[in-house]
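For reference, the structure is listed below as structure tokens.
Whatever order the structure lists ligands and atoms in, that order sets their numbers, starting from 1.
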Amino acid sequence: MRLAPQPTSAQPLRLVVFLVLLGAGVVCSPVISAGCPDRCVCDDQLVVQCAGQHLTTFPVNLPLATRQLIISNNRIAELPPLALNYLSDLVYLDCSNNSLTEISESTFGNLRKLAYLDLSFNTLLRIEDRTFGPLASLVMLRMTDNPGLSEIHSDAFSENEALQVLDVSRNNLTALNITSLIALPALRSVGLSGNPWSCQCDNEDLCLWVHLETFKFQGPVSLLF
Ligand SMILES: *[C@@H]1O[C@H](CO)[C@@H](O)[C@H](O)[C@H]1NC(C)=O
Ligand SMILES: *[C@@H]1O[C@H](CO)[C@@H](O)[C@H](O)[C@H]1NC(C)=O
Ligand SMILES: *[C@@H]1O[C@H](CO)[C@@H](O)[C@H](O)[C@H]1NC(C)=O
């Protein structure tokens, strides 16, 4: 009796090997990471804590499913849009006390679940109109203590329909166009103190608003004429 050759038996094996290699490739890619960035602590609640670690760059190797990211008290100069926008489940982002000077319009492009954002104690200079646009779930924005922040575009918050608390205290703002701000349905608290507000014709709305709706404002509002 002769055994018939079985030329096809190698095919499935080759397929399995291919799939295993493909699987390994996916697991090793930096995007879908099961690890934790250097000098950070990651817990099983999807919280990544990197505060006060002398970081000068945004952490790499972040778990894709991260929900809270705390990178405060470092010297990070830039939020890289590509790395940040992989974190589409991010709900809480604390970037306070870093060296951020600028935030591009694509920085927060994919963070539709983000509810809390802290940009306080940085060196931001201006905020463009589309910067916060994609943040449809943003409830609280803290952006205090940026000593050179002197310009916020009039449409900067116009799409943040969920925004309840906005704090822009202790910046270098002389004017703030409130046209789109007063239209936000959920807004209940705005911190404005510690800015060199100028109450001139082009800023009348803000001054009137501050006087009429004082209940909305945290802390003393100082208006310099
Ligand atoms: C900012 O971070 C530095 C370094 O961790 C720390 O020494 C400093 O107290 C922090 N400042 C604030 C306002 O939190
Ligand atoms: C604040 O803004 C004024 C112009 O309105 C500018 O002269 C001054 O240098 C700014 N302050 C800081 C700390 O950047
Ligand atoms: C404020 O912004 C609105 C729309 O964003 C614009 O129509 C209006 O002219 C601005 N007001 C001033 C005083 O610049």
Side-chain angles (χ1 to χ4, degrees), residues 37-41 48-59 68-79 92-103 105 116-136 138 140-161 163 166-185 187 190-213 216 218-219 221-225:
D38 280 352
R39 290 188 264 172
C40 299
V41 175
V48 180
Q49 171 63 263
C50 313
Q53 295 300 313
H54 309 285
L55 300 177
T56 53
T57 56
F58 189 75
Q68 285 193 39
L69 176 59
I70 298 133
I71 54 172
S72 54
N73 302 351
N74 286 296
R75 291 191 305 272
I76 297 169
E78 197 193 350
L79 295 177
Y92 183 104
L93 177 59
D94 183 354
C95 306
S96 62
N97 195 13
N98 276 288
S99 309
L100 302 173
T101 51
E102 138 177 76
I103 294 181
E105 298 194 350
Y116 179 90
L117 176 61
D118 197 336
L119 295 167
S120 301
F121 295 96
N122 276 284
T123 49
L124 296 171
L125 299 174
R126 68 184 57 81
I127 299 294
E128 314 284 353
D129 59 343
R130 296 283 311 130
T131 303
F132 302 125
L135 302 176
L138 193 65
M140 186 179 291
L141 175 57
R142 297 181 46 78
M143 192 162 55
T144 73
D145 302 278
N146 282 256
L149 178 57
S150 54
E151 202 184 316
I152 296 180
H153 192 281
S154 59
D155 295 328
F157 312 112
S158 62
E159 288 165 64
N160 302 116
E161 299 261 306
L163 194 64
L166 172 68
D167 197 348
V168 293
S169 303
R170 297 175 302 278
N171 293 310
N172 194 23
L173 298 167
T174 53
L176 182 65
N177 182 330
I178 60 164
T179 309
S180 51
L181 209 52
I182 56 178
L184 294 179
L187 195 67
V190 181
L192 295 169
S193 62
N195 283 284
W197 299 115
S198 99
C199 276
Q200 286 159 1
C201 304
D202 63 344
N203 210 24
E204 272 175 354
D205 287 355
L206 172 70
C207 296
L208 202 59
W209 192 44
V210 168
H211 289 303
L212 290 179
E213 303 201 48
K216 275 190 176 174
Q218 313 162 326
V221 177
S222 67
L223 294 169
L224 302 177
F225 288 85

Ligand 3 atoms nearer than 4.0 angstrom to some heavy atom of Asn177 are 1 (C), 2 (O), 3 (C), 8 (C), 10 (C), 11 (N), 12 (C), 14 (O)
In ligand 3, the atoms that come under 4.0 Å of a heavy atom of Ser154 are 2 (O), 5 (O)
Minimum heavy-atom separation for [X] to [Y], with atom names?
X: Leu163; Y: Met140; answer: CD1-N, 4.2 Å
X: Asn74; Y: Leu55; answer: OD1-N, 3.0 Å
X: Gln49; Y: Ile70; answer: OE1-CG2, 3.4 Å

Next on the checklist: Under 3.5 Å between any N/O of Thr174 and any N/O of ligand 2: does that happen in this structure?
Outcome noted: no
The atoms of ligand 2 lying under 4.0 Å from a heavy atom of Asn172, numbered in the order shown, are 1 (C), 2 (O), 3 (C), 8 (C), 10 (C), 11 (N), 12 (C), 14 (O)
- Do we see a donor-acceptor contact under 3.5 Å between the side chains of Thr144 and Ser120? yes
- No-hydrogen, no-angle side-chain donor-acceptor test under 3.5 Å, Asn146 and Asn122: no
Nitrogen or oxygen contacts under 3.5 Å, ligand 1 side and protein side:
{"unit_1": "ligand 1", "atom_1": "2 (O)", "unit_2": "Asn97", "atom_2": "ND2", "d": "2.3"}
{"unit_1": "ligand 1", "atom_1": "5 (O)", "unit_2": "Asn73", "atom_2": "O", "d": "3.4"}
{"unit_1": "ligand 1", "atom_1": "11 (N)", "unit_2": "Asn97", "atom_2": "ND2", "d": "2.8"}
{"unit_1": "ligand 1", "atom_1": "14 (O)", "unit_2": "Asn97", "atom_2": "ND2", "d": "3.3"}

Residues at least two apart in sequence or cross-chain that pass ring-ring contact (aromatic ring centres under 6.0 Å, His included) with Phe121, listed by chain then number, are none
*Look at atom CG of Asn172 and say whether more than 12 heavy atoms of other residues, nucleotides or ligands are closer to it than 6.0 Å.*
yes
In this structure, CG of Leu138 is separated from CD of Glu159 (nearest 0.5 Å) by 12.5 Å
